[in-house]
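Have a look at the structure below before the remarks.
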Amino acid sequence: MALVDSFGRVITYLRVSVTDRCNMKCLYCRVGDDRLLVDNQEVLSLEEMGRLIGIFAELGIGKVRMTGGEPLLRKNLVRLIGDLTKRSDIIEVSLSTNAALLERFALALKQAGLRRVNISLDSLREDTFAHITRGGQLDVVLRGIRAAVVAGLQPVKVNMVVMRGLNDDEIPAMVDFARTWGLVLRFIETMPIGEAGQQADTRYMPATQILEKVKDYVGCDCSLTAEKKMMGNGPANYFFHTQSGTTIGIIAAKSRSFCETCNRMRLTAKGELVYCLGNTGRMDLKGPMRSGASNGELRDLIVHAVQKKPLEHMFLDTGGRNSNHAMSGLGG
Ligand code: SAM
């Protein structure tokens with residue numbers, strides 16, 4: 001069975017925020033107030049998550065990404081990933097992480113069947129990194145990235161949220177870093193999601209300007225040829241720098257609408273199904289599940305929820321003010 005929304009888009013990809021807790025407080029992602037965190041009893045158990053993901057898989061969602069908060073803070077995540085990768089209806093399980101705990105977990109994740117990993121890395125300068133993450137340690141994260149490469153997670157993608165006047169001067173250094181370490185590099189436009197995202201968006205730099213800086217550094221335009229094919233599940237446009245063999249992507253949530261090919265739904269740690277990153281709609285699945293709903297009843301709710309997916313995000317119209325999501329609880 002295929003999940004198709006009311007605009008004909010086929011939904012094949014689920015992002016699961018396994019926790020809203022994080023060991024970093026990136027200034028574009030969360031305001032840093034721990035009182036906003038969800039109570040423990042409100043958070044889905046791993047068994048509940050596994051059950052819901054199984055129902056999604058039966059509905060044709062074969063690709064699942066673990067995100068957060070910081071997913072590696074969630075106890076027994078490796079076990080859940082191992083259970084999911086054993087299912088014949090799940091094609092791929094991937095992970096988004098800040099890599100602070102990746103040195104410890106990379107090999108176990110690979111052995112559990114994790115395919116690939118996306119890592120947030122917004123600066124290669126210790127002080128800037130600590131500033132953006134509000135206390136994160138760059139050396140620990142670099143060791144985590146190294147561990148992912150050594151473990152054979154493939155590809156390792158590094159995501160940099162570009163902020164004018166904060167880290168945009170590091171674009172060349174990031175290109176060099178990706179080339180040296182054999183990573184896929186993706187630049188992300190700031191998104192005005194939640195209070196933190198709206199603040200960071202005052203440093204917004206559009207994809208065209210990011211790309212100009214890349215081109216200024218890597219040489220003539222002709223060596224940075226646009227790749228048409230999608231690489232992964234998402235909205236990035238990829239470019240291949242032929243001289244260095246480095247793949248560079250740009251996620252332009254604001255300046256280019258990618259909604260017409262949106263293939264995803266998001267499940268929050270407290271069991272809400274979010275239809276769109278840039279709109280407020282969501283459906284609670286935890287309540288019905290804890291009240292005894294059968295798998296068939298949950299499946300019907302999910303099919304119904306998919307029909308509520310809006311045509312497009314509202315970043316441009318509202319500057320994100322209509323988005324009451326905090327990115328840290330939603331998983332990006
Ligand atoms: N802790 C994990 C990590 O660091 O990748 C997973 C969660 S994080 C919310 C997922 C992604 O969302 C990261 O790549 C992060 O950079 C991105 N993100 C969070 N807030 C954002 C914002 N306001 N604009 C653009 N990207 C954002």
Side-chain angles (χ1 to χ4, degrees), residues 15-32 36-37 65-74 77 94-102 105 109 116-123 129 132-138 140-141 144-145 148 153 156-164 166-168 174 183-207 210 232-236 249-256 258 264 266-269 274 277-278 313 315 319-321 323-332:
R15 296 178 67 100
V16 183
S17 174
V18 296
T19 177
D20 64 341
R21 268 64 174 169
C22 195
N23 42 8
M24 293 187 188
K25 292 185 176 169
C26 298
L27 42 84
Y28 50 75
C29 187
R30 54 189 290 210
V31 284
L36 299 175
L37 294 174
R65 174 170 295 275
M66 300 298 171
T67 176
E70 174 44 46
L72 293 180
L73 287 176
R74 187 76 201 244
L77 180 72
S94 56
L95 175 78
S96 287
T97 175
N98 60 31
L101 295 169
L102 200 52
F105 286 113
L109 287 164
R116 55 204 186 83
V117 67
N118 289 5
I119 297 172
S120 299
L121 180 70
D122 300 317
S123 176
F129 184 86
I132 293 174
T133 58
R134 297 198 188 97
Q137 284 179 273
L138 179 62
V140 176
V141 166
I145 297 175
L153 293 166
V156 175
K157 293 183 185 172
V158 165
N159 291 335
M160 176 192 193
V161 177
V162 181
M163 289 167 281
R164 189 185 300 284
L166 246 188
N167 61 356
D168 59 318
M174 279 288 179
L183 313 171
V184 174
L185 174 62
R186 306 194 310 170
F187 298 108
I188 304 182
E189 288 183 351
T190 53
M191 295 180 228
I193 292 176
E195 200 182 322
Q198 284 167 42
Q199 277 167 23
D201 208 42
T202 57
R203 294 183 178 274
Y204 170 68
M205 180 177 261
I210 296 172
N233 306 306
I250 302 211
I251 302 181
K254 268 181 73 173
S255 63
R256 281 178 223 152
F258 42 56
R264 60 198 53 200
R266 293 175 166 83
L267 183 65
T268 68
V274 174
L277 198 57
H313 68 61
F315 297 151
R321 283 181 301 282
S323 168
N324 60 3
H325 310 307
M327 195 71 134
S328 52
L330 205 55

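Atoms within each ligand, like the ligands themselves, are counted from 1 in listed order.
Residues Arg203 and Asn167 fail the side-chain proximity criterion, which asks for heavy atoms closer than 4.5 Å. In this structure, the side chains of Cys29 and Met191 stay at 4.5 Å or more apart for every pair of heavy atoms.
Defined by atom type and a distance below 3.5 Å, a donor-acceptor pair is present between the side-chain atoms of Thr97 and Glu70. In summary, the side chains of Thr190 and Asp201 do present a donor paired with an acceptor at a separation below 3.5 Å, with no hydrogens or angles considered.
Residue, atom and distance of the protein heavy atom nearest to atom 24 (N) of ligand 1 are Met191 N, 2.9 Å. Closest to atom 10 (C) of ligand 1, if we only count protein heavy atoms, is Gly331 O, 3.7 Å. Among all non-hydrogen protein atoms, the one lying nearest atom 8 (S) of ligand 1 is Gly68 O, 4.4 Å. Ranking the protein heavy atoms by distance from atom 4 (O) of ligand 1 puts Ser120 OG, 2.8 Å first. Remark: minimum distance from atom 21 (C) of ligand 1 to any protein heavy atom is reached at Tyr28 CD1, 3.4 Å. The protein atom (non-hydrogen) at minimum distance from atom 12 (O) of ligand 1 is Gly332 CA, 3.7 Å. The protein heavy atom nearest to atom 19 (C) of ligand 1 is Met327 CG, 3.1 Å.
Shown are Arg15, Arg266, Arg264; of these, the side chain to side chain contact (heavy atoms under 4.5 Å, CB included) with Leu277 is made only by Arg266. Checked against Ile119 for a side chain to side chain contact (heavy atoms under 4.5 Å, CB included), the options Leu95, Ile145, Asn98 give a single hit: Ile145.
Residue Asp201 does not touch ligand 1, judged by heavy-atom distances below 4.0 Å.
Every atom of ligand 1 is numbered from 1 in the order shown, and the set under 4.0 Å from a heavy atom of Glu70 is 1 (N), 2 (C). Atoms of ligand 1 lying under 4.0 Å from any heavy atom of Glu189, numbered from 1 in the order shown and given with element: 25 (C). Residue Val161 approaches ligand 1 through these ligand atoms, each under 4.0 Å from one of its heavy atoms: 16 (O), 26 (N). Of all atoms in ligand 1, listed by their number and element, those nearer than 4.0 Å to a heavy atom of Gly197 are 23 (N). When each atom of ligand 1 is checked for a heavy atom of Gly69 under 4.0 Å away, the hits are 1 (N), 2 (C), 6 (C), 7 (C). Residue contact check: Thr190 has heavy atoms under 4.0 Å from atoms 24 (N) of ligand 1. Contact atoms of ligand 1 toward Thr67: 6 (C), 7 (C) (distance under 4.0 Å to a heavy atom of the residue).
Residue Ile193 places no heavy atom under 4.0 Å from ligand 1. Using a non-hydrogen distance threshold of 4.0 Å, Ser96 registers as a contact of ligand 1. Not close to ligand 1: Met160, with no non-hydrogen atom less than 4.0 angstrom away.
Going from atom CZ of Arg116 over to atom OG of Ser96 covers 9.0 Å, rounded to the nearest 0.5 Å. In this structure, CG on Asn159 lies 9.5 Å from CG on Leu121, to the nearest 0.5 angstrom.
When every heavy atom of Ser123 is checked against every heavy atom of Met174, the shortest pair comes out as N-CE, 3.7 Å. The two residues Ala100 and Val140 make their nearest non-hydrogen contact at O-CG1, 3.3 Å.
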Could you walk me through whether Leu166 and Ile132 pass the side chain to side chain contact (heavy atoms under 4.5 Å, CB included) test, one step at a time?
CA-CA 9 Å; Leu166 246 188; Ile132 293 174; 4.2 Å; yes

